[in-house]
Asks: 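Got a structure here, written out as structure tokens. Questions coming.
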Amino acid sequence: MISGSRGDQDSGTEFTEGSLGAVLREACATVQLDSDGAELLRLGSNTVYRLATPPIIVRVARDPDVLDEMERAVRVARWLEAQDLPTTRVPAGISQPLMVDGLVVTFWESVQEREEYVTVGELADLLRRLHWLEEPESLRLP
């Protein structure tokens with residue numbers, strides 16, 4: 001985990017588009033990504049942005065208590081990539097999650113510009129491959 005310059009566990013950040021824009025800018029600056037032109041995709045318990053270049057998804061979680069969960073999600077994503085499973089990837093070279101103003105920020109590769117669903121057969125194949133994998137104990141999966 002990396003802490004931003006204002007990182008603390010007690011978030012006083014109001015969850016508005018304006019305040020979260022500041023969190024986005026600081027998080028992106030910390031990992032040397034450009035937040036200019038970022039598109040707000042969702043504002044809720046988790047706020048989601050798509051960066052213009054490179055196409056990265058930035059997720060800001062309102063609850064700082066999800067830090068452990070997000071650390072595990074990043075580790076699982078890296079492990080699944082190493083297993084060559086076609087899942088959402090975390091960008092290489094970015095240490096994460098970050099804490100910025102008491103909010104948990106993660107970065108994910110943008111897979112596509114629009115929603116597209118797989119067939120039942122494709123999903124079954126993916127699930128079969130996933131269940132064949134033997135996860136490392138270090139992931140502490142339930």
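None of the values given here were measured: they were computed from a predicted structure.
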Asks: Are F107 and V100 connected, step by step, through hydrophobic side chains (Ile, Leu, Val, Met, Phe, Trp, Tyr) whose heavy atoms are closer than 4.5 Å?
Replies: yes
Asks: Could you state the interatomic distance from SG (C28) to CD1 (I94), rounded to the nearest 0.5 Å?
Replies: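 CD1 of I94 is found 8.5 Å from SG of C28.
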Asks: Would you confirm whether R129, through its side chain, and D84, through its main-chain N or O, come within 3.5 Å as a donor-acceptor pair?
Replies: yes
Asks: Do you know the tightest heavy-atom contact between A77 and T88?
Replies: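 Of all heavy-atom pairs spanning A77 and T88, the closest is CB-O, 4.0 Å.
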Asks: Do side-chain atoms of R72 reach the backbone of R140 as a donor and acceptor pair under 3.5 angstrom?
Replies: yes
Asks: When you look at L103 and L20, which way does the side chain to side chain contact (heavy atoms under 4.5 Å, CB included) test go after all the steps?
Replies: CA-CA 9 Å; L103 303 174; L20 289 170; 3.7 Å; yes
Asks: Could you give me the CA-CA distance, side-chain angles and deciding distance for L51 and L33, then say whether side chain to side chain contact (heavy atoms under 4.5 Å, CB included) is met?
Replies: CA-CA 9 Å; L51 301 183; L33 290 173; 3.9 Å; yes
Asks: So, R25 side chain and G21 main chain: donor-acceptor pair closer than 3.5 Å or not?
Replies: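 Yes; at least one donor-acceptor contact below 3.5 Å.
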Asks: Take V31 and Q96 through the side chain to side chain contact (heavy atoms under 4.5 Å, CB included) test and state the conclusion after the steps.
Replies: CA-CA 9 Å; V31 298; Q96 57 174 320; over 6 Å; no
Asks: Rounded to the nearest 0.5 Å, what's the gap from CH2 on W108 to OG1 on T87? Could you check?
Replies: 8.5 Å
Asks: So, taking the atom named CG in L41 and the one named CD1 in I57, what distance separates them when rounded to the nearest 0.5 Å?
Replies: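 It comes to 5.5 Å.
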Asks: Hydrophobic cluster membership, with links at side-chain heavy-atom distances under 4.5 Å among I/L/V/M/F/W/Y: are L98 and V90 in one?
Replies: no
Asks: Looking only at heavy atoms, what is the nearest atom pair of S138 and R75, with distance?
Replies: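 The answer is O-NH2, 4.0 Å.
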Asks: Do you know the tightest heavy-atom contact between Y49 and A38?
Replies: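 Where Y49 meets A38 most closely, the heavy atoms are CD2-CB, 4.4 Å.
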Asks: Calculate, to the nearest 0.5 Å, the distance between atoms CG and CZ belonging to L24 and R59 respectively.
Replies: 14.5 Å
Asks: Treating Q83 as the side-chain partner and L133 as the backbone partner, does any N or O pair qualify as donor plus acceptor under 3.5 Å?
Replies: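 It does not hold such a pair.
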Asks: Taking all non-hydrogen atoms of both residues, which atom of D63 and which atom of V104 are closest, and how far apart?
Replies: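 The answer is O-CG2, 4.1 Å.
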Asks: Is L85 reachable from W132 through a run of I, L, V, M, F, W or Y residues, each pair having side-chain heavy atoms under 4.5 Å apart?
Replies: no
Asks: Kindly say whether D36 contributes a backbone atom to a donor-acceptor pair with the side chain of D34 at under 3.5 angstrom?
Replies: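 Side chain of D34 to backbone of D36, a donor-acceptor pair under 3.5 Å: yes, one is there.
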Asks: To the nearest 0.5 Å, how far apart are CG in L130 and CG in D125?
Replies: 11.0 Å
Asks: Which heavy-atom pair separates A27 from V105 by the least distance, and what is that distance?
Replies: CB-CG1, 3.7 Å
Asks: Heavy atoms only: give me the nearest T47-L43 pair and the separation to one decimal.
Replies: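 Scanning both residues completely, I find the closest heavy atoms to be OG1-CD1, 3.2 Å.
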